[in-house]
Amino acid sequence: MIKILKYGALPDSEIFARTVPGTTVAPAVEEILARVREEGDGAVKDYTARFDGATLASLEVTGEEIEEAFAQVEPKFITVLQRAAENIRKFHAMQKRTGFSYSEENGVIKGQKITPIENVGIYVPGGTAAYPSTVLMDTIPAKIAGCKQIVMVSPPGKDGKIAPAVLAAAKIAGVDRVFKMGGAQAIGALAYGTASVPKVDKIVGPGNAYVAEAKRQVFGLVSIDMIAGPSEILVIADGNSNPAHVAADLLSQAEHDRNAAAVLVTDSKELALAVQAEIEKQLKTLPREEIARVSIENNGKIILADSIESVIKVANTIAPEHLELMVEEPFAYLKDIENAGSVFMGRYCPEALGDYLAGPNHTLPTSGTARFSSPLSVDDFVKKSQFIYYTEEALASVADDVAYFARMEGLEAHARSAEIRNGGAQ
């Protein structure tokens, strides 16, 4: 049963505690990456056979395979995918920015130019779970940014095929190339490149502990979006909220993963008790009851606070991936929410809307990192370069200051590089 904790009556260490996996996969991932770096396609195929049970002649998915998969998907789901894709495009198109420049006296020009990252790798989980939503969410912002090549990887089933819905989403989103591989070996192939897999500049997308650790280890050679932890939701609800709705939203995250965290913060004891009972009721009918129950019992909690101000303080401290404002006037409190990946406003905005259809991105900061990071966006697929132009006269007017500053830092050659253009020491 989900526990109820009284904020202020218990130490913060207990209120904000969270059980996290204790085992490390770093040594195993390091070994996998080393093999992929040295052996390329051969290592990837070997690990695919070992971990996925699929023996592959070729890693790349052909155009014919994609068309075949597209034809296998129910037409209704194709329509829903296209609708979701359009919403995602509309939202992310608003994020696209151009550079800027401005002129100063003496002909000085300064500015910033924005250039798309050329090659991007998209990791999409597979195997027993297929996530076409991830394909749309991670690919479409990259397309809007103008990335030249988008390479998607996803582990195949034992039949050597990627789930048709995932391939259909790849076609709709505009993925350029698709490869049948998953796990740390796929991250290695993207980071190092192989005979058949192109080396990319950035890798994005969620995955298991091996994928997350592999992304951590290749960071620096390539860029990554984030190190994603287990899914989490925090619901702020007042006493007028429907306990069945609150419980359903908490369980929508609990069913993801045994390590997922589902938290309700409320100032209503009556609601807290009603949600506690409702969770038990709904758990019994969930197909993924076993997973959701472990999540609820290990990481689920209802935090009871004395006021809405305390409720919001708790939420900002936790800095959740998903935050629902299930209150009468949600926009009145939005300004007070400082740390959250994505905020769902009102009583008719379940987190699942954001997962699939609404348009804002569902690749979000987890494990409290919303304190300093943001959802995946078009900005993640561009790089910014700044530029400076000075005329001879403009440099002459500041050369002495530049040289003085350089010498204050003990860098004589820096100083002379400014002075030599101004008739100074050589």
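Worth knowing before you read on, the calculation uses all heavy atoms, side chains too, and leaves out hydrogens, waters and symmetry mates. Model, not experiment: these values are computed from the prediction.
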What do you reckon, is OH of Tyr333 surrounded by more than 12 foreign heavy atoms closer than 6.0 Å? no
Sidechain-backbone polar pair: Lys269 side chain, Leu304 backbone, donor-acceptor under 3.5 Å: no
The test is side chain to side chain donor-acceptor pair (under 3.5 Å); show your working for Asp355 and Ser133 and say whether it passes. CA-CA 7 Å; Asp355 274 351; Ser133 58; over 6 Å; no
Looking at Thr266 and Ala237, would you say the former's side chain and the latter's main chain have a donor-acceptor pair under 3.5 Å? yes
Taking Gln217 for the side chain and Ala26 for the main chain, is one N or O donor matched with an acceptor at less than 3.5 Å? yes
How far apart are the closest heavy atoms of Val166 and Ser154, and which atoms are they? CG1-OG, 4.5 Å
Val235, Asn242, Leu271 screened by side chain to side chain contact (heavy atoms under 4.5 Å, CB included) with Met326, the one that passes: Val235
Could you grab the distance from atom CZ of Phe16 to atom OG1 of Thr317, nearest 0.5 Å is fine? 4.0 Å
Side chains of Lys148 and Pro116 in contact at under 4.5 Å (non-hydrogen atoms): no
If you count every heavy atom of other residues, nucleotides or ligands that lies below 6.0 Å from Lys281 atom NZ, does the total exceed 12? no
So that I can tick it off, tell me whether Asp46 and Arg50 are bridged by a salt bridge, with the cut-off set at under 4.0 angstrom between side-chain N and carboxylate O. yes
Indicate yes or no for a side-chain donor-acceptor contact from Asn316 to the backbone of Asn339 under 3.5 Å, with no hydrogens or angles considered. yes
Can you confirm whether Glu328 sits close enough to Asp238 that some side-chain heavy atom of one is under 4.5 Å from a side-chain heavy atom of the other? yes
Side chain to side chain contact (heavy atoms under 4.5 Å, CB included) evaluation trace for Val175 with Ile122: CA-CA 9 Å; Val175 172; Ile122 307 287; 5.7 Å; no
With a 4.0 Å cut-off on N to O distance, would you call Arg293 and Glu280 a salt bridge? yes
Option from Asn119, Leu190, Val222 for which side chain to side chain contact (heavy atoms under 4.5 Å, CB included) with Lys199 holds: Val222
Output yes when a side-chain donor or acceptor of Thr48 lies under 3.5 Å from a complementary backbone atom of Met181, and no otherwise. no
With a 4.5 Å cut-off on side-chain heavy atoms, are Glu255 and Ile291 touching? no
Can Arg83 and Glu86 be counted as an ion pair, charged N to O under 4.0 angstrom? no
One pair to check against salt bridge (Lys or Arg N to Asp or Glu O under 4.0 Å): Arg177 and Glu60. What are the steps and the verdict? CA-CA 8 Å; Arg177 299 178 71 181; Glu60 186 162 8; 2.8 Å; yes
When you measure from the side chain of Glu232 to the backbone of Ser367, do you find a donor-acceptor pair of N or O atoms at a distance under 3.5 Å? yes
Check whether Lys202 reaches the backbone of Asp380 with its side chain - one donor and one acceptor, N or O, closer than 3.5 Å. yes
Arg371/Glu338 salt bridge by N-O under 4.0 Å criterion: no
Does atom CD of Glu74 have more than 12 heavy-atom neighbours from other groups under 6.0 Å away? no
Take Met1 and Gln276 through the test side chain to side chain contact (heavy atoms under 4.5 Å, CB included) and record every step on the way to the result. CA-CA 7 Å; Met1 180 174 289; Gln276 185 182 52; 3.5 Å; yes
Side chains of Ile303 and Ile318, heavy atoms from C-beta outward: is any pair under 4.5 Å? yes
Which pair of non-hydrogen atoms, one from Ala262 and one from Leu250, has the smallest distance, and what is that distance? CB-O, 3.4 Å
Pairwise distance CG(Leu325) to CZ(Arg347) - rounded to 0.5 angstrom: 11.0 Å
Let me confirm one number: the NZ-OG distance from Lys96 to Ser377, rounded to the nearest 0.5 Å. 13.5 Å
For Ala163 and Ala130, which heavy atoms make the closest approach, and how far apart are they? CB-CB, 3.7 Å
Rounded to the nearest 0.5 Å, the CD atom of Glu351 sits from the CG atom of Leu234 at a distance of 12.5 Å
Tell me whether Glu65 is salt-bridged to Lys161, with the criterion being a basic N under 4.0 Å from an acidic carboxylate O. no
Crowding at CZ, Phe372 (>12 non-hydrogen neighbours, <6.0 Å): yes
Report yes if the side chains of His92 and Asn361 come closer than 4.5 Å at any heavy-atom pair, otherwise no. yes
From Asp201 atom CG to Ile117 atom CD1, the distance as rounded to the nearest 0.5 Å: 7.0 Å
Do Ile337 and Leu323 make a side-chain contact, defined as non-hydrogen atoms from C-beta onward lying under 4.5 Å apart? yes
So, Lys180 and Asp52, do they make that salt bridge, N to O below 4.0 Å? no
If we ignore hydrogens and angles and just use 3.5 Å, is the side chain of Lys45 paired with the main-chain N or O of Thr55 as donor and acceptor? no
Taking Thr369's backbone N and O only, do any of them form a donor-acceptor pair with Ser373's side chain (distance below 3.5 Å, no angle check)? yes
So, taking the atom named CG in Leu357 and the one named CD1 in Ile88, what distance separates them when rounded to the nearest 0.5 Å? 8.0 Å
Nearest non-hydrogen partners of Phe387 and Ser101, listed with the distance: CZ-CB, 3.8 Å
Would you please say whether a donor-acceptor pair under 3.5 Å links the side chains of Ser252 and Asp249? no
Arg35 and side-chain hydrogen bond (donor to acceptor under 3.5 Å, both in side chains): which single residue from Glu38, Glu39, Glu31 fits? Glu39
Applying side-chain hydrogen bond (donor to acceptor under 3.5 Å, both in side chains) between Thr363 and each of Asp225, Thr134, Asp138, report the one that passes. Asp138
Examine distances only and state if a side-chain atom of Lys215 and a backbone atom of Ala228 form a donor-acceptor pair shorter than 3.5 Å. no
If you draw a 6.0 Å radius around CD in Glu105, do more than 12 non-hydrogen atoms from other residues or ligands fall strictly inside? no
Side-chain contact test, heavy atoms from C-beta onward, threshold under 4.5 Å: evaluate it for Ser231 versus Glu321 and give yes or no. yes
Check ring pair (Phe, Tyr, Trp, His ring centres under 6.0 Å) between Phe51 and all other residues, then give those that pass, not counting sequence neighbours. Tyr47
Could you please spell out the steps behind the side chain to side chain contact (heavy atoms under 4.5 Å, CB included) verdict for Leu376 and Met137? CA-CA 8 Å; Leu376 192 74; Met137 292 288 182; 5.9 Å; no
Step by step, work out the side chain to side chain contact (heavy atoms under 4.5 Å, CB included) result for Leu221 and Tyr192. CA-CA 8 Å; Leu221 176 64; Tyr192 307 129; 3.4 Å; yes
Please indicate whether Lys384 has more than 12 foreign heavy atoms, meaning atoms of other residues, nucleotides or ligands, lying under 6.0 Å from its NZ. yes
I'd like to know whether CZ of Phe219 has more than 12 heavy-atom contacts from other residues, nucleotides or ligands below 6.0 angstrom. no
Hey, is NZ on Lys313 packed in by over 12 heavy atoms from elsewhere, all under 6.0 Å? no
Any Asp267 side-chain heavy atom under 4.5 Å of Ser307 side chain: no
